Student: 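One structure is given below, represented as structure tokens, and several questions about it will come after.
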Amino acid sequence: AWTSVGGELLPIEVQAVPGGTGKIELTGSLGDVMKESAKLAVTYARVHAAAYGIDPDYGIAVDVTLTDDELGAKHSASSILGGGAAIKVMDSSVISHPVVVEKLSALAVERGIKAQRDVIRGGTDAGAIHQTRSGVYTGGISVPCRYTHSPVEMADRGDVESCAALITAFAEAKLDV
């Protein structure tokens, strides 16, 4: 939670309902930031549960990423709008496995998919996936966006198409286990 005097940790009660719909209901007078934080917490829990349930050999987090091509912006990201699919090298939650980064990069070259390497300060679901069980070869594919997680988020159509093509290429690829 954030107040005029700073941030605070806010405990939130959650209850799982057997046979429920899996939807989250946010009640009370939560602001937009707290609503977003609650949704992210549920996503984090679901990622952990999903990865433990299927015991994957590889994991790819699909997300958005910051761009560093706005006029006057402080350097906080490595991707640019229009540069293609952003292949995650690292963020604050994970250093992507080199095998995954190289495989994604090679697939992009082989299939003529526009791509760029991505390093950001924020985190993604890749952080939760790579810690599953005894470890998972993990990486990420992100859509570069300006004004991320806001009502005016902006993406390049070509970058979105490149991400879809790279995700498809990885899903179809022969992977060593």
Side-chain angles (χ1 to χ4, degrees), residues 22-24 36-37 39-70 73 75-150 152-177:
K23 294 181 181 175
I24 181 172
E36 184 69 21
S37 294
K39 289 176 185 174
L40 289 172
V42 170
T43 299
Y44 178 84
R46 285 182 178 153
V47 165
H48 272 290
Y52 270 95
I54 61 173
D55 194 17
D57 294 312
Y58 290 87
I60 300 293
V62 179
D63 206 337
V64 295
T65 191
L66 304 171
T67 59
D68 197 35
D69 59 354
E70 299 168 41
H75 184 69
S76 62
S78 61
S79 297
I80 61 168
L81 210 62
I87 298 170
K88 179 74 59 208
V89 174
M90 71 174 280
D91 62 32
S92 63
S93 70
V94 69
I95 297 174
S96 296
H97 198 285
V99 167
V100 177
V101 173
E102 291 307 317
K103 184 65 172 182
L104 290 170
S105 298
L107 287 167
V109 170
E110 289 168 18
R111 298 206 183 181
I113 300 168
K114 195 171 184 180
Q116 57 190 317
R117 299 270 176 113
D118 185 42
V119 176
I120 61 167
R121 291 184 192 172
T124 64
D125 291 338
I129 295 168
H130 93 279
Q131 296 177 34
T132 303
R133 299 182 188 252
S134 60
V136 177
Y137 286 80
T138 304
I141 300 171
S142 300
V143 178
C145 292
R146 290 187 189 147
Y147 321 116
T148 308
H149 302 302
S150 78
V152 293
E153 189 170 80
M154 181 188 305
D156 180 274
R157 181 183 204 134
D159 292 345
V160 175
E161 291 168 352
S162 292
C163 286
L166 190 54
I167 293 164
T168 301
F170 190 81
E172 294 173 348
K174 181 178 183 334
L175 304 172
D176 297 323
V177 179

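From a predicted model like this one, the values you see are computed outputs, not experimental measurements. Just the heavy atoms: all of them, side chains too, but no hydrogens, waters or symmetry mates, feed the values below.
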Student: Is there side-chain contact between Leu107 and Leu166, with at least one heavy-atom pair below 4.5 Å?
Tutor: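 Answer yes - side chains close enough.
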Student: Within a radius of less than 6.0 Å around CD1 of Ile95, do more than 12 heavy atoms belonging to other residues, nucleotides or ligands occur?
Tutor: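 Not more than 12 within 6.0 Å, no.
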Student: Are Thr168 and Arg111 close enough that a side-chain donor and a side-chain acceptor fall under 3.5 Å?
Tutor: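 Short answer, no.
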Student: Do Thr138 and His97 have side chains that get closer than 4.5 Å, going by heavy atoms?
Tutor: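 SC-SC contact between Thr138 and His97 ruled out.
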Student: Check whether any side-chain heavy atom of Arg117 sits under 4.5 Å from a side-chain heavy atom of Ser105, and report yes or no.
Tutor: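 The answer is yes, as the side chains (C-beta and beyond) meet within the 4.5 Å cut-off.
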Student: Using only atom types and a distance under 3.5 Å, with no angle test, would you say the side chain of Gln116 pairs donor to acceptor with the backbone of Ala86?
Tutor: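 Checked: no pair found.
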Student: What do the steps show when you test Asp118 against Ser79 for side chain to side chain donor-acceptor pair (under 3.5 Å), and what is the final call?
Tutor: CA-CA 6 Å; Asp118 185 42; Ser79 297; 2.9 Å; yes
Student: Got a second to check how far Tyr147's OH is from Glu153's CD, nearest 0.5 Å?
Tutor: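 Going from the OH atom of Tyr147 to the CD atom of Glu153 covers 11.5 Å.
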Student: Say you draw a straight line from CG of Asp159 to CE of Met154; how long is it, rounded to the nearest 0.5 Å?
Tutor: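 Here the rounded value is 12.5 Å.
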Student: How far does OG of Ser96 sit from CG of Leu104, to the nearest 0.5 angstrom?
Tutor: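 Reported to 0.5 Å precision, the distance equals 8.5 Å.
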Student: Could you tell me whether the side chain of Thr65 reaches within less than 4.5 Å of the side chain of Lys88, counting heavy atoms only?
Tutor: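 Heavy-atom side-chain distance check passes, below 4.5 Å.
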Student: Please state whether the rings of Phe170 and Tyr58 are parallel, tilted or perpendicular, taking 30° and 60° as the class boundaries.
Tutor: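 Because their plane-to-plane angle is over 60°, the rings of Phe170 and Tyr58 count as perpendicular.
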Student: I need the Ile87 CD1 to Ser142 OG distance, nearest 0.5 Å.
Tutor: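 Between atom CD1 of Ile87 and atom OG of Ser142 there are 10.0 Å.
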Student: So, for Leu81 and Cys145, which heavy atoms are closest and what is the spacing to 0.1 Å?
Tutor: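 Smallest interatomic distance, heavy atoms only, reads CD1-CA, 4.2 Å.
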Student: Could you tell me which non-hydrogen atom of Ser162 sits nearest to which non-hydrogen atom of Ile113, and how far apart they are?
Tutor: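 What the structure gives for the nearest pair is O-CG2, 3.5 Å.
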Student: What distance do Ile120 atom CD1 and Thr67 atom OG1 have between them, rounded to the nearest 0.5 Å?
Tutor: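 Here the interatomic distance stands at 11.0 Å.
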